[in-house]
Amino acid sequence: MIHPEVNPLREWKQIILQLKGLEKVDGRPLYKYRLSTKEFDALEDFLTNWVSDYGQHNDFSVIASQPGFSDLFVLFCQNGGEDDTPERASNGSQYLQI
C-alpha cells in the first residue's frame, strides 16, 4: 500500500530524472547520474527531513521498503562519498542521520 507520505519520494525521483533529461531510469552506470552540489544538498535536506518525520512512527525496515526510498538513498550515497567541493571538504563527509 502506498502511504501519502511516500509521494514526495516519487516526486523527488521524477525531478532528478527530469534534471538529467530522462523520463525513467535507462540502465546507465550510476556515476552518470552525478548530482551537482546544489542538487546533492537539496536531496540531503529532503532525505534528512523525510526520514526524521517518517521515522518517528516507523522503523528503518519500513522506511527502506517505501517505493522510491532505495533509489534516492543509493543516489545520495553515491554522490555523497566524494568531497570534491571546498564546502564539503572543509566540513568532512556528511552522513544522513538515520
Side-chain angles (χ1 to χ4, degrees):
M1 180 173 143
I2 304 295
H3 300 286
E5 303 90 60
V6 176
N7 289 334
L9 294 170
R10 289 187 170 183
E11 290 173 19
W12 260 89
K13 182 178 175 182
Q14 284 306 119
I15 289 168
I16 291 170
L17 289 171
Q18 288 173 358
L19 289 171
K20 304 302 171 195
L22 302 168
E23 290 183 28
K24 62 181 183 169
V25 176
D26 63 0
R28 69 178 70 184
L30 188 57
Y31 71 88
K32 298 267 187 172
Y33 294 95
R34 182 101 173 110
L35 299 176
S36 70
T37 300
K38 188 175 181 179
E39 292 165 345
F40 174 83
D41 291 344
L43 179 59
E44 180 180 33
D45 288 344
F46 167 74
L47 285 175
T48 299
N49 291 328
W50 188 85
V51 167
S52 176
D53 292 344
Y54 198 72
Q56 289 180 13
H57 307 289
N58 300 283
D59 65 30
F60 188 72
S61 64
V62 174
I63 292 169
S65 70
Q66 298 306 307
F69 178 77
S70 60
D71 299 333
L72 295 176
F73 187 71
V74 167
L75 187 63
F76 169 80
C77 291
Q78 189 275 331
N79 280 270
E82 301 175 18
D83 290 334
D84 60 352
T85 64
E87 309 86 60
R88 288 188 199 156
S90 66
N91 294 329
S93 294
Q94 299 294 314
Y95 295 95
L96 182 66
Q97 298 295 315
I98 298 177

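A quick note: this is a predicted structure, and the numbers were derived from the prediction, not measured.
No continuous path of hydrophobic side-chain contacts links Leu43 to Ile15 [ILVMFWY only; heavy atoms under 4.5 Å].
Atom CZ of Arg10 and atom CD of Gln66 lie 9.5 Å apart (nearest 0.5 Å). Taken from CG in Leu72 to CH2 in Trp50, the straight-line distance is 9.0 Å, to the nearest 0.5 Å.
Among all heavy-atom pairs drawn from Ile63 and Asn58, the shortest one is CD1-O, 4.1 Å.
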Residues Phe46, Leu9; criterion side-chain contact (heavy atoms from CB on, under 4.5 Å); working and verdict:
CA-CA 9 Å; Phe46 167 74; Leu9 294 170; 3.8 Å; yes

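Ring geometry, Phe69 versus Phe60: the interplanar angle exceeds 60°, so the pair is classed perpendicular (tilted spans 30 to 60°).
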Quick one: side chains of residues 16-29, donor-acceptor pairs under 3.5 Å with protein atoms, not counting sequence neighbours, listed by atom name and distance.
from, atom 1, to, atom 2, distance (Å)
Lys20, NZ, Arg34, O, 2.7
Lys20, NZ, Glu39, OE1, 3.2
Asp26, OD1, Arg28, N, 3.2
Asp26, OD1, Arg28, NE, 3.1
Asp26, OD1, Tyr33, OH, 2.8
Asp26, OD2, Arg28, NE, 3.1
Asp26, OD2, Arg28, NH2, 2.9

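Remark: side-chain polar atoms of Ser65 are paired, donor with acceptor, to backbone N or O of Val62 under 3.5 angstrom. Side chain of Asn79 to backbone of Leu35: a donor-acceptor contact under 3.5 angstrom is found.
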